[in-house]
Amino acid sequence: MGGLSFSFYRKENAMKIIVGLGNPGAEYAGTRHNAGFMLVDALAAHLGVTNWREKFDALVAEARIGAEKVLLVKPQTYMNDSGRAIGPILHFYKLPVEDLIVCHDDMDIPCGTIRIRKKGSAGGHNGIKSILAAVGDEHFPRVRIGIGRPKPGWTVVNHVLSRFEGEDAVAVQEAIAALIPAVACIVTDGPDLAMNRYNPKKQKHHAKKEKEADSHGEAPKPSEA
């Protein structure tokens, strides 16, 4: 098989739905809760996509990543009702939930940190909660963009509706740039490879422990991470 390169993950005539979560309207543009919108907009710009249409209570645009057809989606239902747009899209295209990729903000990880997950619960995110209620299945990849925790004295609402500033603005733009190839990897090669390749590694701590063990003539213990 020398010289051949192909993905076993790829299915002929399949399509992936790439959803960015956020709130519509100029007043919410650039806010932390709209990190999903920001990623999908960056992906659209990278792919040269300009043909957005209003359909399924969302803005949608068709594109290709490699040989794969994708539909970029930005629900216009407001965050807490995102499932009202996503459920009908999957039904219309007769796609399994595994073909859905959802990009969203996450307060539980530091600002600018990225995490790709293959499945999971809502974790307190109302947009994901709405999608889970609409599709009835948690087995779809999520691309999480860290927005950090609220400042002392701030409510969650104050925090998620605030705009990125200073170091946070730089960090989130760097995260979005890093996630463009990561999302492409999910589409072409599947979430497992994307998680392995793009999720932050937890090796430094273990490497330090192994080095210390070696210096004392001890065998390193297996990693539990």
Side-chain angles (χ1 to χ4, degrees), residues 5-11 14-22 32 35-44 46-47 63-73 82 86 90 95-125 127-129 131-132 135-149 171-210 220-225:
S5 176
F6 59 92
S7 168
F8 287 102
Y9 185 77
R10 184 173 175 272
K11 294 182 288 186
M15 180 170 70
K16 297 291 186 289
I17 308 296
I18 303 175
V19 178
L21 297 186
R32 294 173 188 265
F37 273 13
M38 293 165 67
L39 175 53
V40 168
D41 282 339
L43 185 60
H46 177 74
L47 297 173
R64 283 193 177 273
I65 295 178
E68 304 291 344
K69 185 176 181 181
V70 299
L71 186 72
L72 306 180
V73 178
S82 299
I86 307 309
L90 287 181
L95 294 173
V97 71
E98 291 84 0
D99 286 337
L100 175 66
I101 302 165
V102 180
C103 309
H104 65 92
D105 61 297
D106 193 320
M107 286 199 312
D108 291 330
I109 52 180
C111 189
T113 302
I114 62 178
R115 290 280 191 281
I116 299 169
R117 296 179 66 192
K118 195 173 180 178
K119 62 176 184 176
S121 66
H125 193 285
I128 297 295
K129 189 181 300 182
I131 292 173
L132 288 171
V135 304
D137 195 323
E138 67 174 24
H139 292 81
F140 57 89
R142 297 91 188 277
V143 178
R144 301 154 62 197
I145 305 169
I147 63 169
R149 301 298 300 177
V172 78
Q173 287 301 327
E174 290 176 348
I176 287 171
L179 283 171
I180 290 175
V183 173
C185 184
I186 297 173
V187 170
T188 59
D189 296 293
D192 288 320
L193 181 59
M195 289 166 62
N196 183 59
R197 184 175 292 172
Y198 294 98
N199 276 350
K201 300 295 187 289
K202 299 180 180 179
Q203 296 174 346
K204 291 185 178 180
H205 177 67
H206 298 297
K208 182 179 180 182
K209 288 175 67 177
E210 289 175 5
K221 296 180 181 180
S223 169
E224 296 179 357

Which atoms form the tightest heavy-atom contact between [X] and [Y], and what is the distance?
| X | Y | answer |
| --- | --- | --- |
| Ala42 | Ile176 | CB-CG2, 3.5 Å |
| His139 | Val97 | O-CG1, 3.7 Å |
| Thr113 | Pro200 | CG2-CG, 4.3 Å |
| Ala178 | Ile114 | CB-CD1, 4.5 Å |
| Ala182 | Ala194 | O-CB, 4.0 Å |
| Pro96 | Leu90 | O-CD2, 4.2 Å |

message: side-chain contact (heavy atoms from CB on, under 4.5 Å), that's the test. Do Lys16 and Leu95 meet it? Break it down for me.
response: CA-CA 8 Å; Lys16 297 291 186 289; Leu95 294 173; over 6 Å; no
- request: Quick one: pull up CG in Asp105 and CD1 in Ile147 and give me the separation to the nearest 0.5 Å.
  value: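 Spacing of CG (Asp105) from CD1 (Ile147) equals 4.0 Å.
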- prompt: What is the distance from atom CG of Leu72 to atom CD1 of Ile101, rounded to the nearest 0.5 Å?
  reply: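 It comes to 10.0 Å.
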Is there a side-chain contact between [X] and [Y] (heavy atoms, below 4.5 Å)?
| X | Y | value |
| --- | --- | --- |
| Cys111 | Arg32 | yes |
| Ser121 | Lys129 | no |
| Ile18 | Ile65 | yes |
| Ile17 | Phe140 | no |

field: Donor-acceptor under 3.5 Å (Arg142 side chain, Gly120 main chain)
entry: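 Pair found, side chain donor or acceptor close to backbone of Gly120.
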message: Taking Asp106's backbone N and O only, do any of them form a donor-acceptor pair with Arg144's side chain (distance below 3.5 Å, no angle check)?
response: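 Between the backbone of Asp106 and the side chain of Arg144 there is no qualifying donor-acceptor contact (under 3.5 Å).
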field: Those residues that, when tested against Leu193, pass side-chain contact (heavy atoms from CB on, under 4.5 Å) (two or more places apart)
entry: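 Only Cys185, Asp189, Arg197 meet the side-chain contact (heavy atoms from CB on, under 4.5 Å) criterion with Leu193.
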message: Evaluate Leu21 against Ile131 for side-chain contact (heavy atoms from CB on, under 4.5 Å), listing each step before the verdict.
response: CA-CA 10 Å; Leu21 297 186; Ile131 292 173; 4.0 Å; yes
task: Quick one: list whatever passes salt bridge (Lys or Arg N to Asp or Glu O under 4.0 Å) with Arg149, sequence neighbours left out.
output: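 Asp108.
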query: Mind checking what makes salt bridge (Lys or Arg N to Asp or Glu O under 4.0 Å) contact with Lys118, not counting sequence neighbours?
result: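 Testing Lys118 for salt bridge (Lys or Arg N to Asp or Glu O under 4.0 Å), a comparison that skips the adjacent residues, returns Asp192.
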